[in-house]
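All chains are named by letter (A, B, ...) in the order of the sequence lines, taking the proteins before the strands, and each is independently numbered beginning at 1.
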Amino acid sequence: MSDIVEKDTAELEILRHSTSHIMAHAVKDLFPEVKFAIGPAIEDGFYYDFDRPAAFAPEDLAKIEKRMKEIIKKNNPFVRKEISKAEAIEIFGQKGENYKVELLQEIPDDTVSLYEEGGFVDLCRGPHLPKTGMVKAFKLLSVAGAYWRGDEKNKMLRRIYGTAFETKEELDAYLNFLEEVKKRDHRKLGKELDLFSLSEDIGPGLILWHPNGAIIRKTIEDFWRNEHIKADYKILFTPHIAKLHLWQQSGHWDFYRENMYSPMEIEEVAYELKPMNCPFHIDIYKSSLKSYRDLPLRYAELGTVYRYERSGVLHGLLRVRGFTQDDAHIFCMEDQIEDEILNILDFTLFILRTFGFESYDIYLSTRPEKYVGSLDNWEKATDALKHALDKKGLAYRVDPGEGVFYGPKIDIKIKDSLNRSWQCSTIQVDFNLPERFDVTYRGSDGKEHRPIMIHRALMGSLERFFGVLIEHYAGAFPLWLSPVQVSVLTIAERHGDYALEIGTALKISDIRTEINTDNEKIGYKIREAAVRKIPYLVIIGDKEVSEKMITVRKRNGENIGPFTAEQFMDIIKDEINGKK
RNA sequence: GCCCAUGUAGCUCAGUCGGCAGAGCACAUCCUUGGUAAGGAUGAGGUCACCGGUUCGAUUCCGGUCAUGGGCUCCA
């Protein structure tokens with residue numbers, strides 16, 4: 001099975017790579033002055049980087065596509081030619097293709113391969129399709145700037161993105177997927193459902209949670225705190241600023257300064273807006289002597305942190321400058337690491353599943369080149385992480401050398417309903433901060449020992465998690481999270497009293513209820529509620545009033561009932577409590 | 001931060017080749033009391049992102065700034 005998938009993936013890559021060459025050919029025909037950089041296949045398609053004084057206009061894409069179709073129609077063969085590297089440098093040098101020359105100079109082999117098709121030659125390892133006519137379905141998608149080799153010190157090139165598939169149907173399916181992604185965009189839904197906003201007057205990357213978003217956040221926070229208390233975490237609250245000195249001691253001022261805001265001076269002392277919660281939790285730990293009997297000690301906080309992010313990377317709720325981490329720091333002894341990781345994994349999966357995320361990509365990152373702590377500790381901690389993952393039977397990938405300098409980590413990416421991955425949860429072992437802050441506990445031997453610290457965030461940041469939730473549910477939140485759970489709609493004005501009676505009964509039972517007695521037709525009120533994705537609509541007309549019953553319309557259009565108010569309340573309370 | 005694009009009413013968007021700005025939805029008032037996705041009428045609402053320049057005159061042209069979007073790089 002996996003063989004088949006890999007074979008398909010390889011074929012698709014070849015197809016896309018060849019399409020990328022055809023695009024380069026078309027660009028060469030239409031814009032002879034361009035120089036060529038690189039044009040690989042990527043996950044969802046391909047791109048090619050060109051050096052050209054002016055950017056490509058969106059209209060240019062149509063022209064390039066047209067030319068590409070002509071090239072495809074000619075059905076020229078892709079011809080592989082092997083020549084010596086020196087010869088290739090000569091050829092591309094003469095053409096002024098300095099990017100190709102630079103690439104060539106870094107190829108260790110003595111011979112290199114060229115591919116030619118219809119007179120257009122490009123340096124390429126291959127493989128390629130036999131003939132251009134085998135490209136059946138492609139589309140150019142967007143233009144963008146991209147640095148040569150991704151380095152901002154280098155020249156900005158003009159990139160064109162496109163995609164290609166084996167069949168027209170697959171291409172259409174992919175284009176539909178892109179449409180669906182657009183429809184679910186949390187920035188669009190956030191506006192439509194009045195969940196949150198950003199404001200020019202407040203500042204970029206700073207989120208305003210509107211009532212509808214705020215009630216969802218409160219629901220998430222209540223759930224989170226209750227579950228943490230049950231799981232033997234201690235809930236903390238800590239300030240948003242602290243003396244610069246604290247950040248110097250923690251090492252953040254040295255290693256993390258580029259993400260921190262400038263200090264502010266208060267009574268001649270420098271203070272910093274916090275980018276992390278850890279030093280505060282350590283301070284609380286150190287406020288009294290700790291015994292090995294106190295460990296593991298778990299401190300948790302929904303801590304709001306501020307980090308400088310370059311203006312170009314900000315993105316809705318997913319990349320912001322101020323955010324709230326669902327943070328926790330666990331102080332434990334070395335031989336407790338594995339059990340703690342097991343606990344955290346269980347807890348994480350429980351929380352994520354509650355929000356409807358059932359599949360994950362898990363990564364274990366190991367020791368990087370620059371690190372602190374002893375090799376022995378690194379090995380023990382990395383093994384503990386591995387054992388925990390193995391014991392839970394969780395599939396994971398090892399990212400060698402991708403750990404943070406202070407310890408190994410596990411990252412969990414959740415997959416949403418469109419099968420897209422989002423980095424949220426992270427579990428990191430830390431050998432550094434306990435050392436820097438001289439954190440200790442008294443062991444059974446009466447001596448001082450150094451605890452290990454584990455940082456972990458399950459949702460990561462509430463802002464990002466909320467953004468992912470919006471897209472995952474396409475704005476149609478499950479009942480327990482819905483800002484308005486029930487809307488009571490009257491057919492005519494004379495039904496107002498009974499609607500008020502029913503609505504009030506729901507409200508005092510802690511069901512978020514709205515009573516809509518507006519002077520509008522029922523069809524209009526239902527449309528209005530449907531647009532807002534309200535899960536349950538209670539319809540009140542003459543029949544309901546005279547029978548002392550209610551009729552209910554679900555979000556999917558299905559009608560249920562008639563119920564008594566009590567029957568209906570039982571049904572939805574069950575659904576709310578079950579977080580279904 | 002860099003490249004490109006965009007910024008007009010609360011929202012979605014027209015428009016002015018330089019001469020006091022327009023639609024739909026939403027909002028307000030009135031008519032209508034209507035049974036499952038938009039009933040009708042009237043009205044109010046804009047320093048055309050901001051600052052500067054050119055011009056008799058700038059929302060429109062030019063320059064700058066800010067913000068947003070697509071990327072590059074980085075991350076929760």
Side-chain angles (χ1 to χ4, degrees), chain A residues 47 49 52-58 60 141-161 182 185 187-188 191-192 194 197-205 256 258-259 275-277 303-305 307-327 404 411-413 422-426 428 455-465 467-468 489-496 517-532 537-544 551-555 557-559:
Chain A
Y47 68 80
D49 286 344
R52 175 175 185 243
F56 292 102
D60 293 334
L141 297 170
S142 57
V143 291
Y147 297 106
W148 168 237
R149 315 206 128 173
D151 187 336
E152 66 187 52
K153 291 187 196 78
N154 290 337
K155 185 160 187 191
M156 178 73 68
L157 305 174
R158 319 290 177 175
R159 175 172 295 181
I160 301 179
Y161 282 99
K182 246 188 226 169
D185 191 316
R187 293 165 301 184
K188 181 171 175 278
K191 213 179 264 182
E192 285 170 7
D194 201 11
S197 66
L198 289 125
S199 158
E200 280 200 33
D201 291 323
I202 307 295
Y256 203 70
E258 61 183 31
N259 284 293
M276 304 265 179
N277 302 301
T304 303
V305 297
R307 299 181 184 175
Y308 167 71
E309 298 284 358
R310 308 162 102 199
S311 54
V313 305
L314 300 172
H315 183 92
L317 292 173
L318 301 180
R319 191 70 180 274
V320 297
R321 284 183 175 161
F323 59 98
T324 301
Q325 291 183 305
D326 67 319
D327 209 357
V404 203
D411 287 324
I412 301 175
K413 291 190 179 181
W422 304 95
Q423 159 86 59
C424 292
S425 316
T426 181
Q428 311 183 346
H455 308 249
R456 49 107 280 203
L458 311 183
M459 298 181 281
S461 103
L462 289 181
E463 285 74 9
R464 175 179 290 183
F465 193 74
V468 174
L489 312 181
T490 52
I491 303 241
E493 264 168 32
R494 62 179 175 281
H495 309 122
T517 53
D518 288 357
N519 178 7
E520 286 292 351
K521 289 191 172 178
I522 192 67
Y524 181 87
K525 292 187 191 181
I526 284 175
R527 179 185 150 76
E528 211 179 18
V531 167
R532 292 165 60 202
L537 305 180
V538 170
I539 315 284
I540 307 284
D542 286 338
K543 197 169 69 151
E544 287 75 14
T551 309
V552 177
R553 181 188 157 108
K554 292 169 73 170
R555 185 157 50 190
E558 184 190 346
N559 279 292

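Nucleic acid contact for Phe56(A): none, since no nucleic acid atom lies under 4.0 Å from a heavy atom of the residue. Counting non-hydrogen atoms under 4.0 angstrom, Val305(A) reaches nothing in the nucleic acid. In this structure, Glu463(A) reaches neither bases nor backbone, as no heavy-atom distance under 4.0 Å exists between it and the strands shown. No engagement by Glu192(A) is indicated, since no non-hydrogen atom pair under 4.0 Å with the nucleic acid exists. Backbone-only engagement by Gly316(A) is indicated by non-hydrogen atom pairs under 4.0 Å involving sugar-phosphate atoms exclusively. At a threshold of 4.0 angstrom between heavy atoms, the contacts of Glu493(A) include nucleobase atoms, whether or not backbone atoms are also involved. In this structure, Gly523(A) reaches the sugar-phosphate backbone alone: every heavy-atom distance under 4.0 Å involves primed, P, OP1 or OP2 atoms, never a base. At a threshold of 4.0 angstrom between heavy atoms, the contacts of Asp151(A) with the nucleic acid are absent. Nucleic acid contact for Ile539(A): base, since at least one base atom lies under 4.0 Å from a heavy atom of the residue. Residue contacts shown for Ala457(A) are absent, as no nucleic acid heavy atom lies under 4.0 Å away. At a threshold of 4.0 angstrom between heavy atoms, the contacts of Glu558(A) with the nucleic acid are absent. As judged by a 4.0 angstrom heavy-atom cut-off over every strand, Asn259(A) is placed among residues making no nucleic acid contact. Contact annotation for Thr551(A): base contact, defined as any heavy-atom pair under 4.0 Å involving a base atom. Across all strands, Gly145(A) comes closer than 4.0 Å to base atoms (heavy-atom distances).
Straight-line distance from the NE2 atom of His495(A) to the P atom of rG34(B): 8 Å, rounded to whole Å. Lys543(A) places its NZ atom 11 Å from the P atom of rU36(B), with the value rounded to the nearest Å. One atom, CZ of Arg456(A), and another, C1' of rA76(B), lie 13 Å apart when rounded to the nearest Å. Distance CD (Glu520(A)) to P (rG35(B)): 14 Å, rounded to an integer number of Å.
For Arg158(A), no side-chain nitrogen or oxygen approaches OP1 or OP2 of rC72(B) to under 4.0 Å. At the phosphate of rA76(B), neither OP1 nor OP2 sits under 4.0 Å from any side-chain N or O atom of Thr426(A). The shortest distance between the side-chain N/O atoms of Arg187(A) and the OP1/OP2 oxygens of rG69(B) is below 4.0 Å. Side-chain nitrogen and oxygen atoms of Lys191(A) include at least one within less than 4.0 Å of the OP1 or OP2 phosphate oxygen of rU12(B). For Tyr308(A) and rG1(B), the shortest distance from a side-chain N or O to OP1 or OP2 is below 4.0 Å. For the OP1/OP2 pair of rG70(B) and a distance below 4.0 Å, the side-chain nitrogens and oxygens of His315(A) include at least one atom meeting the criterion.
With both ends at atom P, the span from rU16(B) to rG7(B) equals 13 Å, rounded to whole Å. Taking atom P in both rC31(B) and rA67(B), the straight-line distance is 49 Å, to the nearest Å. For rU42(B) and rA23(B), the P atoms lie 12 Å apart once the distance is rounded to whole Å. For the P atom pair drawn from rG57(B) and rC66(B), the interatomic distance equals 29 Å after rounding to whole Å. rG71(B) and rA58(B) have their C1' atoms separated by 33 Å, given to the nearest Å. Using C1' as the reference atom, rU73(B) and rC3(B) are 13 Å apart when rounded to the nearest Å. The separation of rU12(B) from rU54(B), taken at their P atoms, amounts to 36 Å, rounded to a whole angstrom. For the C1' atoms, the distance linking rA49(B) with rU33(B) amounts to 46 Å, nearest Å.
Minimum atom distance to the side chain of Arg319(A) is reached by rC74(B), of the listed rG1(B), rA67(B), rC74(B). Checking rU36(B), rA38(B), rA76(B) against every side-chain atom of Tyr524(A), the shortest atom distance belongs to rA38(B). For Arg159(A), the side-chain atoms get nearest to rC72(B) when compared with the rest of rC27(B), rA37(B), rC72(B). Nearest to the side chain of Pro204(A), among rG35(B), rC72(B), rA67(B), sits rA67(B). Ranking rG39(B), rA76(B), rA37(B) by closeness to the Ile526(A) side chain, first place goes to rA37(B).
Remark: Arg149(A) does not engage Asp151(A) in a salt bridge, criterion side-chain N to carboxylate O under 4.0 Å.
For a distance-only test at 3.5 Å, the side chain of Tyr147(A) qualifies as a donor-acceptor partner of the base of rG1(B). On a pure distance criterion of 3.5 Å, no polar donor-acceptor pair joins the side chain of Arg149(A) and the base of rC72(B). Under 3.5 Å, the side chain of Glu309(A) and the base of rG1(B) form no donor-acceptor pair of N or O atoms.
Considering only heavy atoms from C-beta on, Arg321(A) comes within 4.5 Å of Ser311(A) through its side chain. The shortest distance between side-chain heavy atoms of Asp542(A) and His495(A) falls below 4.5 Å.
With the nearest nucleotide of RNA chain B identified for both Ser425(A) and Gly557(A), Gly557(A) has the one nearer the 5' end.
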Query raised in the report: Passes side chain to side chain contact (heavy atoms under 4.5 Å, CB included), Trp422(A) versus Arg464(A)? Steps please.
Result: CA-CA 9 Å; Trp422(A) 304 95; Arg464(A) 175 179 290 183; 5.7 Å; no
